[in-house]
Amino acid sequence: SRSYSSVLPGIQERTLIAVKPDGVQRRLVGDIISRFEKRGFKLVGLKLLQAPEGILAAHYHDLKRKPFYPALIRYMSSGPVIAMVWEGYNVVRSSRAMVGETNSAEAKPGTIRGDYSVHISRNVIHASDSVEVAQKEISLWFHSDELVDWELCDYSNLYQD
Ligand code: IDP
Ligand code: MG
């Protein structure tokens with residue numbers, strides 16, 4: 001059968017989204033997944049896990065020397081996270097827009113952080129910040145056999161062929 005994702009340029013872009021421990025504790029997982037589904041993105045990977053220290057250290061290696069780094073690792077280790085891979089056109093930039101500013105106090109209403117958080121230290125969700133970083137983060141959090149290749153049955157509602 002015809003595969004839209006092999007025909008339309010850019011629609012196989014992928015990003016790593018993680019609902020952080022505060023988001024899981026606050027029972028925001030369903031709402032967050034719903035926002036990505038309704039936007040039109042395709043879920044290709046999903047798991048609940050207690051994030052291993054090694055994954056967190058690699059995930060946040062750029063922030064290792066920041067004063068808040070130890071607290072960030074404690075926060076991210078404080079309970080399970082939901083790790084997800086979402087796919088679609090411009091998904092990296094669109095997800096960052098849906099998530100909102102890093103500092104929840106600056107995040108606009110309508111964004112996930114702007115709707116559900118008040119402080120930078122408990123900002124509910126992670127989203128990759130570039131296509132290159134997304135590829136690294138996806139391979140850090142997921143084995144390739146945990147990602148599912150499948151076709152949406154209604155691509156023509158989302159994209160012109
Ligand atoms: P991002 O999550 O929006 O990409 P980054 O600058 O990459 O933001 O920082 C990663 C995470 O580190 C933030 O989401 C937040 O959880 C935490 N963080 C960043 N800056 C601060 C801070 O000043 N205080 C406490 N936590 C911070
Ligand atoms: Mg970041």
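Remember, it's 1-based here, ligands and their atoms both numbered in the order they're listed.
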* To do: Answer with side chain, backbone, both or neither: which part of K20 has a heavy atom less than 4.0 angstrom from an atom of ligand 1?
  => side chain
* Asked: Angle class for the F41/F36 ring planes (parallel below 30°, perpendicular above 60°, tilted otherwise)?
  -> tilted
* Structure fact -> Note: I120, heavy atoms under 4.0 Å from ligand 1, region reported as both
* Which residue holds the protein heavy atom closest to atom 17 (C) of ligand 1, what is that atom called, and what is the gap in Å? -> L72 CD1, 3.8 Å
* Tell me: protein heavy atom nearest atom 9 (O) of ligand 1, and distance? -> L63 CD1, 3.6 Å
* Asked: Quick check: does any side chain N or O of Y89 sit under 3.5 Å from a backbone N or O of L8, one acting as donor and the other as acceptor?
  -> no
* Nearest protein heavy-atom contact for atom 4 (O) of ligand 1: which residue, which atom, what distance? -> R96 NH1, 2.8 Å
* **Residue part near ligand 1, for R122, under 4.0 Å between non-hydrogen atoms** => neither
* Answer yes or no: is there a donor N or O on one side and an acceptor on the other, between the side chain of K20 and the main chain of Y75, under 3.5 Å? => no
* Asked: Q12 side chain to E87 main-chain N or O, any donor-acceptor pair under 3.5 Å?
  -> no
* Which option, D22, V133, N123, owns the non-hydrogen atom nearest atom 13 (C) of ligand 1? -> N123
* Looking only at protein heavy atoms, which one is nearest to atom 22 (C) of ligand 1, and how far off is it? -> F68 CD2, 3.4 Å
* To do: Determine, using the 4.5 Å side-chain heavy-atom cutoff (strictly less than), whether L147 and I55 are members of one ILVMFWY cluster.
  => yes
* Path from L43 to F142 over hydrophobic side-chain contacts below 4.5 Å -> no
* Structure fact -> Checking heavy atoms under 4.0 Å, the part of R113 that sits near ligand 1 is side chain
* Asked: Say you draw a straight line from CH2 of W86 to CD1 of I17; how long is it, rounded to the nearest 0.5 Å?
  -> 9.0 Å
* Note the single closest protein heavy atom to atom 5 (P) of ligand 1, along with its residue, its atom name and the distance in Å. => T102 CG2, 4.2 Å
